Amino acid sequence: MHIILHGQAEEIVVNGETYDMPMPAQAHLDDQEVADVMNYILNSWGNDGGTMSAKKVKEIRNRP
């Protein structure tokens with residue numbers, strides 16, 4: 001969720017594959033939209049990652 005809200009500019013390695021394309025911040029999305037994106041990511045490509053609620057997004061977004 002941090003990457004969705006704040007973006008990612010650094011190179012990352014996932015499962016041995018390097019990715020170096022920046023992702024812009026999407027902080028303009030509302031809590032439900034962020035939850036929808038998270039749920040898609042958590043449950044696609046063979047993942048069984050559960051669910052993220054808009055309430056949880058709001059809680060995490062408002063942390064200091």
Side-chain angles (χ1 to χ4, degrees):
M1 188 165 70
H2 178 80
I3 293 173
I4 294 169
L5 293 174
H6 304 288
Q8 173 80 22
E10 297 84 25
E11 181 179 277
I12 61 171
V13 178
V14 178
N15 294 327
E17 186 157 349
T18 302
Y19 297 90
D20 63 355
M21 295 292 294
M23 179 179 160
Q26 302 296 313
H28 64 279
L29 297 176
D30 67 32
D31 295 338
Q32 184 60 58
E33 291 169 323
V34 173
D36 291 344
V37 171
M38 287 294 303
N39 288 324
Y40 177 78
I41 293 167
L42 289 169
N43 294 286
S44 294
W45 308 287
N47 295 329
D48 184 16
T51 59
M52 173 69 67
S53 68
K55 181 179 176 183
K56 185 70 173 175
V57 170
K58 182 176 185 172
E59 176 186 311
I60 294 169
R61 188 193 297 255
N62 291 328
R63 287 182 183 165

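Keep in mind the model is a prediction, meaning the values are calculated, not measured. Numbering starts at 1 and runs along the sequence shown.
- Between the Gln26 side chain and the Pro24 main chain, a donor and an acceptor come within less than 3.5 Å of each other.
- Between the side chain of Glu33 and the backbone N or O of Asp30 there is at least one donor-acceptor pair closer than 3.5 Å.
- Between Leu29 and Ile4, the shortest heavy-atom contact is CD1-CG2, 4.5 Å.
- Residues Ala54 and Gln32 approach most closely at CB-OE1, 3.5 Å, considering heavy atoms.
- To the nearest 0.5 angstrom, Ile60 atom CD1 is 4.5 Å from Met52 atom CE.
- With salt bridges taken as basic N to acidic carboxylate O contacts below 4.0 Å, one links Glu59 and Arg63.
- Here Met1 contributes atom CE and Ile41 contributes atom CD1; the two are 11.5 Å apart, rounded to the nearest 0.5 Å.
- One N or O on the side chain of Gln8 and one on the backbone of Glu10 form a donor-acceptor pair closer than 3.5 Å.
- With rounding to the nearest 0.5 Å, the separation of CG in Leu5 from CG in Asp31 is 8.5 Å.
- Here the side chain of Asn43 pairs a donor or acceptor atom with the backbone of Gly50 at under 3.5 angstrom.
- Val37 and Tyr19 are not part of a single hydrophobic cluster, where members link through side-chain heavy atoms under 4.5 Å apart.
- Heavy atoms only, all atoms of each residue included: Ser53 and Ala35 are closest at C-CB, 3.8 Å.
- Shortest non-hydrogen contact noted between Pro22 and Ala9 is CB-CA, 4.3 Å.
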